[in-house]
Amino acid sequence: MRSTRRRTGALLLSLALTAPLAACASTGDGADGATTLDYWLWDDRQLPAYQDCADAFHAENPDITVKITQTAWAQYWQNLTTQLASGDAPDVWTNQSTYYPQFASQNQLLDVEPFVQRDKVDLAAYQPGLSEVWVKDGKRYGLPKDWDTMALVVNTDALGKQGVAPAQLEDLTWNPADGGTFEQVIAKATVDANGRNGLDPAFDKNSVQVYGFLPEWADGANGQNGWAIFAAANGFTYLDKNPWGTHYNYDDPKLAETINWFKRLIDKGYAPRLDKQSSVANSELLIAGKGAMSIAGSWTILTFTDPKVKQKFAFTPLPAGPSGRKSSINGLSDAIWAGSEHPEQAWKWVRFLGSSDCQDRVAQRAVVFPAITAASQKVDAAHQAAGRDVHAFTGAAKKDTFLLPVTEHGTELNPIVQDAIQSVILGDAKADQALREANDKVNALFK
């Protein structure tokens, strides 16, 4: 999630993890036998909720104190890599599904399956499919924390000025040949300096004031915030199997068709050129009125519905492609460092994080959808009570979802695929050739 979760694009790090080192003093026992556990997370919006959980946990376990460290996404993974290499990592940290295989393959994560079996943890309480992501070869490397899906985020004022109401966006269609009704809406929502939209013969694509669609290109090898939902709707699948596949399909013509459609969208002036694209996140550009639509993850709901935001936004379902409407579903977990001096106490904390006691507290703040189904329903109810329509996200979770790729070499293949796709978008390469070459490089990593 988050991928982000920046989540404006997947961070391209090469995690140079070392083999397990001797346990170092990242936690410690006090003279009175008390234990302090270090716990890391990256989302500042979720920090208050997890501090509530830490306080409640300490009240139940007065001999265990949880010290929370929150660091922004990019720095988070850099710091974690450094700490793992030095043997002084946090006891427990928030993990992301496309990153954790790197840690698991280097034996940096504690297998919690024996604890799950011993304490009879009810895995059926979680959103279907989430708990299995964290299992490899019979070992379990975390308990589900939350989930996210994708939807369109739409500036209703910008579209309204062009005669498009949110209700018209519920059943959009898309295809890579002409973009379907989705591209027609994008064209309408694109406005030049003279107030002409993209369907006007006099539209000036070299002087655009509001782009109809803002794509995301710093998205690594999974394209969660950009091309992935379109490629999946066109019939593309990442792998021979997921999770833990060993052969990628980036050479699939269905992906090349999708990337070519994006290129044509840019050529028409409906989306910004990559070489001219602002370094500001798409969410900020949308809020500033520079774009009318983009893809958004459910973790951004409160970003766009904050009372301080002057623009009015709505969330609508993704357009349906030749293979239907597809959304990625992603989730986080809480992992225990294999080198922790206090595995039993760390497990108590992870079990609490994965319990309804903690996840109900997270639900009260409605920042994300917790992994426990009952807690997730409380978030949905909280959004409804506040007048926030989030059916595009909750509806997507119930059908036609796909997992982001969970494999070895995840961080190594990120730059290979992203560079190839960007080269196509920049006009420096042909999609079929660039993706075929990238696919060969990616699959060579598994030989």
Side-chain angles (χ1 to χ4, degrees), residues 1-11 41-50 70-76 94 96 145-159 166 169 189 210-211 213-219 224-226 229 272 277-318 327-332 362-370 376 378-397:
M1 214 186 160
R2 277 99 354 266
S3 50
T4 59
R5 304 192 198 153
R6 28 191 201 319
R7 277 158 68 203
T8 60
L11 178 67
L41 52 78
W42 63 76
D43 192 339
D44 58 337
R45 280 185 174 270
Q46 293 189 66
L47 178 58
Y50 284 105
Q70 181 268 323
T71 313
W73 173 265
Q75 194 63 42
Y76 179 89
T94 301
Q96 202 260 7
K145 183 183 192 70
D146 56 28
W147 59 264
D148 57 71
T149 53
M150 312 303 289
L152 287 178
V153 58
V154 176
N155 184 321
T156 57
D157 291 338
L159 286 174
L169 307 177
V210 179
Y211 288 102
F213 187 73
L214 300 179
E216 172 59 56
W217 297 116
D219 226 9
Q224 181 184 12
N225 298 274
I229 62 101
Q277 191 169 350
S278 171
S279 60
V280 176
N282 281 342
S283 58
E284 296 180 44
L285 292 174
L286 286 167
I287 291 171
K290 301 299 183 182
M293 292 187 291
S294 191
I295 303 298
S298 53
W299 63 90
T300 66
I301 291 171
L302 296 185
T303 297
F304 291 105
T305 58
D306 190 308
K308 296 178 182 178
V309 174
K310 295 180 181 179
Q311 307 283 345
K312 298 299 181 183
F313 292 96
F315 302 105
T316 63
L318 298 166
S327 170
S328 61
I329 187 165
N330 187 35
L332 306 182
V362 174
Q364 291 174 5
R365 297 178 184 267
V367 176
V368 293
F369 290 98
S376 188
K378 292 179 181 179
V379 174
D380 190 16
H383 284 309
Q384 292 184 40
R388 296 186 290 262
D389 184 350
V390 299
H391 78 282
F393 297 110
T394 56

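Here L152 contributes atom CG and I295 contributes atom CD1; the two are 4.5 Å apart, rounded to the nearest 0.5 Å. Taking CG of N225 as the reference point, atom CE of M150 lies at 4.5 Å (rounded to 0.5 Å). With values rounded to the nearest 0.5 angstrom, T303 atom OG1 is found 12.5 Å from K308 atom NZ. The OG1 atom of T149 sits 9.0 Å away from atom CH2 of W299, with the distance rounded to the nearest 0.5 Å. Rounding to the nearest 0.5 Å places CG of L41 at 7.0 Å from OH of Y76.
Side-chain N or O atoms of Q70 include one that pairs as donor or acceptor with a backbone N or O of W42 at under 3.5 Å. Side chain of D146 to main chain of F369: no donor-acceptor pair is present (N/O by atom type, distance under 3.5 Å, no hydrogens or angles). With hydrogens and angles disregarded, no donor-acceptor distance shorter than 3.5 Å links the side chain of S328 to the backbone of Q224.
Nearest heavy-atom pair, S327 versus L318, reported as atom, atom and distance to 0.1 Å: CB-CD1, 3.8 Å. Here the closest non-hydrogen pair linking A314 and T156 is CB-CG2, 3.6 Å. Listed here is the closest heavy atom pair of A292 and A158: CB-CB, 4.2 Å.
Each salt bridge (charged side-chain N to carboxylate O under 4.0 Å, His left out) pair with one or both residues in residues 378-394, not counting sequence neighbours, appears once here: D360-K378.
With sequence neighbours excluded, the residues forming a side chain to side chain contact (heavy atoms under 4.5 Å, CB included) with P272 are Y211, L214, P215, listed by chain and number. Taking T94 as the reference, Y39 meet the side chain to side chain donor-acceptor pair (under 3.5 Å) condition, with sequence neighbours excluded. Listed by chain and residue number, nothing satisfies the side chain to side chain contact (heavy atoms under 4.5 Å, CB included) test with Q364 (two or more places apart in sequence, or in another chain). Contacts of F313 classified as side chain to side chain contact (heavy atoms under 4.5 Å, CB included), with partners at least two apart in sequence or in another chain: V153, N155, L286, I287, F304, V309, Q311. Partners of F213 by ring-ring contact (aromatic ring centres under 6.0 Å, His included), not counting sequence neighbours, listed by chain and number: F182.
The shortest distance between side-chain heavy atoms of V379 and V368 does not fall below 4.5 Å. K145 is not listed as a side-chain neighbour of V362, based on a closest heavy-atom distance of 4.5 Å or more. The side-chain heavy atoms of L159 and M293, taken from C-beta on, include a pair separated by under 4.5 Å.
Between F315 and F393, the distance from one ring center to the other falls under 6.0 angstrom.
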